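As the structure lists them, so they are numbered: ligands from 1, and atoms in each ligand from 1. Since this is a predicted model, take the numbers as computed values, not measurements. Side chains are part of it too, since the values below use all heavy atoms of this structure and drop only hydrogens, waters and symmetry mates.
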Amino acid sequence: MLVLGIESSCDETGVALIDDRQGLLAHAVHTQIDMHRLYGGVVPELASRDHIRRVIPLIEQVLEEAGKTKANLQAIAVTQGPGLAGALLVGVSVAHALAFALDIPVIGVHHMEGHLLANLLADPAPQFPFIALLVSGGHTQIMKVTRFGEYELLGDTLDDAVGEAFDKTAQLLGMSYPGGPGVSALAEKGTSGAIELPRPMLHSPNLDMSFSGLKTAVLTAVQKAPDAEDETFRANLARGFVDSVVDVLAAKAIKALKQQKMKTLVVAGGVSANKQLRERLRAETAKRGMKVFFPPLKLCTDNGAMIATAGLARIKHMSDEEIARHFKNLKFSVKPRWQLKEAAADL
Ligand code: KG4
Ligand code: ZN
């Protein structure tokens, strides 16, 4: 079965083609980072307009790369939420129009389920059940994943998402949006322990987290610094920030694994590309005889391949009757605040 995946929930237009036997045939992402950088963050209206410009040419590009035509498509998977309403509407309306014209089903995918299942494109891929650590610009969650579609939320951030904390720290250090990769690279040049920052909720009895206090601690350190532009200071502050984040995420992930008596950790979302987090989680799991999985680096941040993968998995779990309901569907909606649990309930 050949599935077209479309992602347009935020600032990346991602399109991909997946075949259930041959795997990922082609994928292409257009990032709007350079456009939003001027404003220090994503401007929703500009994001929607750019998705409109990019989505059709990207679909044509992946079809050509894979040597396929629209007539070969057998289903379309599209991010239905969560995300920016206007941005989501672009992908969802294109998906529905194309599916209607081709008389194929269209499947609405939850963006975080996409991130999670991007791990299925890694080699080796993880086996269910596992603990998932979802770390992106909008989410920081720990889930128990028993099987496909069964997600139990064990812990969540009480305020900022960890990717957001990276982006705000980058801004305070004078770096451009999005800040994750820049802060991570700067931290490599810093010394651990030179600047100690708080590790919010590290010892709290539950699996919840909080990152807004850490952001304030970075702000205070910048304000108090005799020279906030000094390279050593900037690198040490980035190191202090990354060390705090990694300490908290690693501690909570290990705690979840122990509590649930599980041995497999699956990390997903943009921050799963982070070098220091990858190194630490590999070390912490290895010494306990546990395993950790990450998506391929290129598929950590938003892309169409993860949406096509999740859509394909959904179709495979649907009865013929359920699939039939996804044909000729001219009534569609987006779900900007969709919870993963609700998406699972749709199965
Ligand atoms: O998953 P994603 O592409 O979009 C959302 O669903 O939010 O994640 C984007 C987030 C941004 O906050 C970005 O700064 C962060 O992921 N990020 C990183 C790295 N690469 C991307 N954070 C830390 N280290 C990285 N290497
Ligand atoms: Zn994402």
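Between Asp247 and Arg280 there is a side-chain heavy-atom pair separated by less than 4.5 Å.
Annotation: ligand 1 has protein neighbours His111, His115, Ser136, Gly137, Gly138, Gly163, Phe166, Asp167, Pro178, Gly179, Gly180, Pro181, Gly269, Gly270, Val271, Ala273, Asn274, Thr301, Asp302, each with a heavy atom less than 4.0 angstrom from the ligand.
Taking the six-membered ring where tryptophan is involved, the planes of His317 and Phe148 are tilted, since the angle between them lies from 30° to 60°.
Proximity of a side-chain donor or acceptor of His139 to a complementary backbone N or O of Gln141 within less than 3.5 Å is not detected.
Inspection of the His51 and Thr13 side chains reveals an N or O donor paired with an N or O acceptor under 3.5 Å.
Ring-centre distance between Tyr177 and Tyr39: not below the 6.0 Å cut-off.
Across every non-hydrogen atom of Pro105 and Gln74, the tightest pair is CD-O, 3.2 Å.
The same ILVMFWY cluster, assembled from side-chain heavy atoms under 4.5 Å apart, contains both Ile56 and Leu73.
By the side chain to side chain donor-acceptor pair (under 3.5 Å) test, Asp243 is found to be paired with Ser192, Arg239, residues two or more places apart in sequence or in another chain being considered. Among residues two or more places apart in sequence or in another chain, the side chain to side chain donor-acceptor pair (under 3.5 Å) test is passed with Gln259 by none.
Around the Zn ion (ligand 2), the protein contributes the following N, O or S atoms at distances under 2.8 Å: His111 NE2, His115 NE2, Asp302 OD1.
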